[in-house]
Amino acid sequence: MPVATSATIFKAGLQVVDLDRNYYHDHPLTLARHPSETDERMMLRLLAFACHASEALAFTRGLSSSDEPDLWQKDLTGSIEHWIEIGQPDEKRLRKAAGRSLQVTVYSYSGNSAGIWWEQNRAALSGIKNLSVINIPAKSCKSLAQLARRNMQLQATIQDGDIWISDSEANVEITPQAWLQRQSPR
């Protein structure tokens, strides 16, 4: 009988300096990396957290649940304010998410496959009024994955839409590509 592999736990001390939002805060985070998840995808979840950091933003069960995004922010009543997906979700999933939350953001990655996904879905996704699609270039993702450690101390600096993620040894500069950018309805 096969043995189920459990998630690998990563701890991250994340200092966020977001000059675009005037947000400055330290976040002690615990990330559970699903057995099928790569360091690259896990670090993209961390990047998405840095980009939208708030006290209410939380990692979910992610790959372990088909009813939850990778991250979400809920208000005090439990209503979903922001639904954040990593990867290339299908249109039906994003339409459902858009109906359940005020804002939906997708962080796509994987180079050419992300571009193909966007070209195949652009027309349909453009009709979702509370959806933003951000692509992270493949080279940036690979560099970001190199920062993955079981215990990490990272600083994220965001200015003019550019992001720098660094630890004590390396600095990764990321320039996200906004494929579809919508303002939050608030």
Side-chain angles (χ1 to χ4, degrees), residues 1-18 25-74 80-90 93-94 96-97 100-101 103-114 117 132-158 163-177:
M1 177 177 275
V3 176
T5 307
S6 61
T8 303
I9 302 301
F10 287 74
K11 299 281 187 176
L14 179 64
Q15 180 184 39
V16 177
V17 177
D18 188 336
H25 198 76
D26 292 340
H27 293 273
L29 302 171
T30 300
L31 293 97
R33 190 183 74 198
H34 189 274
S36 68
E37 186 175 36
T38 63
D39 282 347
E40 187 174 339
R41 188 178 189 287
M42 180 191 68
M43 293 302 287
L44 260 117
R45 288 193 294 133
L46 194 64
L47 175 71
F49 186 96
C51 291
H52 303 279
S54 79
E55 290 298 315
L57 187 63
F59 294 105
T60 67
R61 293 179 290 171
L63 292 174
S64 299
S65 172
S66 62
D67 291 337
E68 296 180 358
D70 291 290
L71 296 101
W72 60 18
Q73 180 174 320
K74 292 183 174 183
I80 303 168
E81 295 178 318
H82 199 165
W83 179 290
I84 301 171
E85 294 274 352
I86 307 297
Q88 301 164 18
D90 66 24
R93 179 174 175 83
L94 292 175
K96 183 176 177 182
R100 293 181 60 193
S101 66
Q103 184 176 8
V104 178
T105 303
V106 174
Y107 282 87
S108 67
Y109 68 105
S110 295
N112 290 339
S113 67
W117 169 81
S132 293
V133 179
I134 311 298
N135 183 59
I136 305 300
K139 184 177 179 183
S140 297
C141 292
K142 301 250 182 270
S143 297
L144 191 59
Q146 298 301 311
L147 298 178
R149 306 277 184 277
R150 292 288 298 273
N151 288 295
M152 301 176 268
Q153 292 297 319
L154 301 171
Q155 179 174 2
T157 304
I158 303 168
I163 308 157
W164 294 266
I165 305 281
S166 59
D167 64 11
S168 62
E169 299 171 11
N171 185 38
V172 177
E173 182 176 356
I174 302 162
T175 302
Q177 302 164 330

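Start at 1 with the first residue, then count along the sequence.
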Between [X] (side chain only) and [Y] (backbone N and O only), is there a donor and an acceptor less than 3.5 Å apart?
X    : Y    : result
W117 : P89  : yes
D39  : A145 : no
S143 : K139 : yes

On a heavy-atom basis, which atom in [X] and which in [Y] lie closest, and how many Å separate them?
X    : Y    : value
A170 : L147 : CB-CD2, 3.8 Å
L44  : C141 : CD1-SG, 3.4 Å
L71  : A48  : CD1-CB, 4.0 Å
I86  : D70  : N-OD2, 2.8 Å
A114 : Y109 : CB-O, 3.0 Å
C51  : D18  : O-OD2, 4.1 Å

Pair H25, Q15: side-chain N/O donor-acceptor within cut-off below 3.5 Å: no

Residues T105 and E85: side-chain donor-acceptor under 3.5 angstrom: no

Evaluation steps, side-chain contact (heavy atoms from CB on, under 4.5 Å), between I9 and T30: CA-CA 7 Å; I9 302 301; T30 300; 3.7 Å; yes

Nearest-0.5 Å distance that lies between atom [atom1] in [X] and atom [atom2] in [Y]:
X    : Y    : atom1 : atom2 : value
F49  : Q73  : CZ    : CD    : 9.5 Å
E40  : R45  : CD    : CZ    : 13.0 Å
L144 : R41  : CG    : CZ    : 13.5 Å
L154 : R149 : CG    : CZ    : 9.5 Å

In chain order, what residues pass the side chain to side chain donor-acceptor pair (under 3.5 Å) check against [X], with sequence neighbours excluded?
X    : value
S113 : Q88
Q146 : none
S166 : none

Salt bridge E81-K74, side-chain N to carboxylate O under 4.0 Å: no

Salt-bridge contact R33-E37 (side-chain N to carboxylate O under 4.0 Å): no

Parallel, tilted or perpendicular: ring planes of H82 versus H52, cut at 30 and 60 degrees: perpendicular

Verdict with supporting geometry, N171 and I165, side-chain contact (heavy atoms from CB on, under 4.5 Å): CA-CA 6 Å; N171 185 38; I165 305 281; 5.9 Å; no

Test side-chain contact (heavy atoms from CB on, under 4.5 Å) applied to Q155 and V17, step by step: CA-CA 8 Å; Q155 179 174 2; V17 177; 3.7 Å; yes

Chi angles and distances behind the side-chain contact (heavy atoms from CB on, under 4.5 Å) call for W72, S101: CA-CA 9 Å; W72 60 18; S101 66; over 6 Å; no

Non-hydrogen side-chain atoms of L29 and L46 separated by less than 4.5 Å: yes

